[in-house]
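Written out below as structure tokens is the structure these notes cover.
Lettering follows sequence order; numbering is per chain, from 1.
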Protein chains: 2
Amino acid sequence: MPKDAAITRDRIVAAASRLFYGHGIRAVSVDDVAARAGLTKRTLYYHFRSKDDLIAAYLAARDEPTIVIVMGWMDAAKGSLADKLEAVFAQLARLGRHPKWRGCGFLRTAAELVTTPGHPALKAGAAHKKKLEAEFASRFADAGLADPEMRARQVMLLFDGAFSAMLTHRDASYAEAAGQAAMDLVRGEKMRAVKRRA
Amino acid sequence: MPKDAAITRDRIVAAASRLFYGHGIRAVSVDDVAARAGLTKRTLYYHFRSKDDLIAAYLAARDEPTIVIVMGWMDAAKGSLADKLEAVFAQLARLGRHPKWRGCGFLRTAAELVTTPGHPALKAGAAHKKKLEAEFASRFADAGLADPEMRARQVMLLFDGAFSAMLTHRDASYAEAAGQAAMDLVRGEKMRAVKRRA
DNA sequence: TTGCGTACACTCACTAGTCAGTATACTTTG
DNA sequence: CAAAGTATACTGACTAGTGAGTGTACGCAA
């Protein structure tokens, strides 16, 4: 039955996700993941060729859901674009206050795997961030903001900066400061001419 | 002679710095560091109680020099506050284009050691970022910027965001986008009343 | 009976940290 | 001043444990 295989695979990815996110890639062994998934390492290696494959699957499984969550925050918020951005960063701060929060899985993986440039997990992480940036840009364009791509990029920089600072200081208020900056960047910018260099 | 000990210690820290920064904390063994420093592991353990001690020493040695470099960029740049910030981020982009660049050692260490909350290296990293933020705030205050502390915090968020994005995408132009955002945040803000919430 | 999914037991390389001992140089003492 | 003692800086070989990945056999469903 191929369905069983898919179920087992998902269970392994779920176990890997919890452990890799909670403790880091290198800190977690394949044995740990197998034990957490309730099966032996040999079974895990039946479903995944290597630990690197498993890491890639871990991030791939986080891509779409993360984007849905963040854009859900934005679309659910009432008011102006600035208000919506404030809501996004307020929600990020709320996450950051959770005791099990460990920063951004994509950024932390990028930091850990920095020496293996072609790693599929790194590509997945970069693609994920690009997608999120594009979602912001699309909404900024709809709102009539000048230079939506650049503003989206700057908001992403604040977003990733908030992740880093919250992780460094264990202080979620950094996300709120980032939200204020994001608001300032999109406020009163609607019709301003694009006089910046490309 | 205690001078010999200091020299050897420094050589170990220098070797650790290169390897930890280049490959990551967990990816580098104590044997690797000892070999790079040209001595045995036993000698390394004569100078450091544990690998954790060595990690802390690695970040401690990077603290002050990093701040001097970044503030040197800022103070050497001519023009307005915005111009000086543009210069800082331009220099960051220049660093990011170097083939041996591997992101921010402090942020990457924070990401790797996320499961050991009290680790001295994490405290060193947090203190380092706070110091840098304070240096920005001091210069913003001197320039008569309204709410210098908040702006300094936001610039730090852009700074760390630039590190993260450059590492994720291997694209140094993110630092320049961050620089543009930083300029926008300090420009035309000199005398604006502080109407934001605390 | 074929082949898919699982388990046990294993390999071999590597890891942080330790044991016991040595060469050198400075200090104390007869 | 010379001999003995002591602290310093160092080494090679080791331990106990963990790492990713594998060979082989077994049960179960079609």
- Please collect all ring pair (Phe, Tyr, Trp, His ring centres under 6.0 Å) contacts where either partner lies in residues 64-86 of chain B, sequence neighbours excluded, each pair once. none
- Please confirm whether A:Arg153 makes a cation-pi placement over B:Tyr174, using NZ or CZ under 6.0 Å from the six-membered ring centre and within 45° of the ring normal. yes
- Can you tell me how far P of C:dT6 sits from OH of A:Tyr46, to the nearest Å? 8 Å
- Message: Please determine whether a side-chain nitrogen or oxygen atom of A:Thr8 lies at a distance below 4.0 Å from atom OP1 or OP2 of C:dG5.
- Response: no
- Message: Working note: A:Asp184 + A:Arg187, criterion salt bridge (charged side-chain N to carboxylate O under 4.0 Å, His left out); need CA distance, chi angles, decisive distance, verdict.
- Response: CA-CA 5 Å; A:Asp184 287 351; A:Arg187 202 154 31 194; 3.0 Å; yes
- Item | Check against side chain to side chain contact (heavy atoms under 4.5 Å, CB included), A:His119 and A:Ile55 | CA-CA 10 Å; A:His119 200 293; A:Ile55 299 165; 4.3 Å; yes
- Note on the structure: Nucleotide by nucleotide, nucleotides 13-25 of chain D touches protein heavy atoms under 4.0 Å in the pattern (B base, S sugar-phosphate only, - none) ------SBBBB--
- Which one, C:dA7, D:dG12, D:dC10, comes nearest to the side chain of B:Thr40? D:dG12
- Taken to the nearest 0.5 Å, the spacing of B:Asp171 CG from A:Lys130 NZ works out to 6.0 Å
- Name every residue in residues 110-121 of chain A that has at least one heavy atom under 4.0 Å from any atom of DNA chain C, in order of residue number, or write none if there are no such residues. none
- Separation of D:dC10 atom C1' from B:Ile7 atom CD1, nearest Å, is 15 Å
- Nearest-neighbour nucleotide for the B:His47 side chain, D:dG12, C:dG5, D:dC10 considered: D:dC10
- Query: Hey, are B:Lys131 and B:Glu135 close enough for a salt bridge, meaning a charged N less than 4.0 Å from a carboxylate O?
  - Reply: no
- Message: Minimum heavy-atom separation for B:Phe48 and B:Arg9, please, with both atom names.
- Response: CE2-NH1, 3.3 Å
- Rounded distance [0.5 Å steps], OG1 in A:Thr168 versus NZ in B:Lys123: 15.0 Å
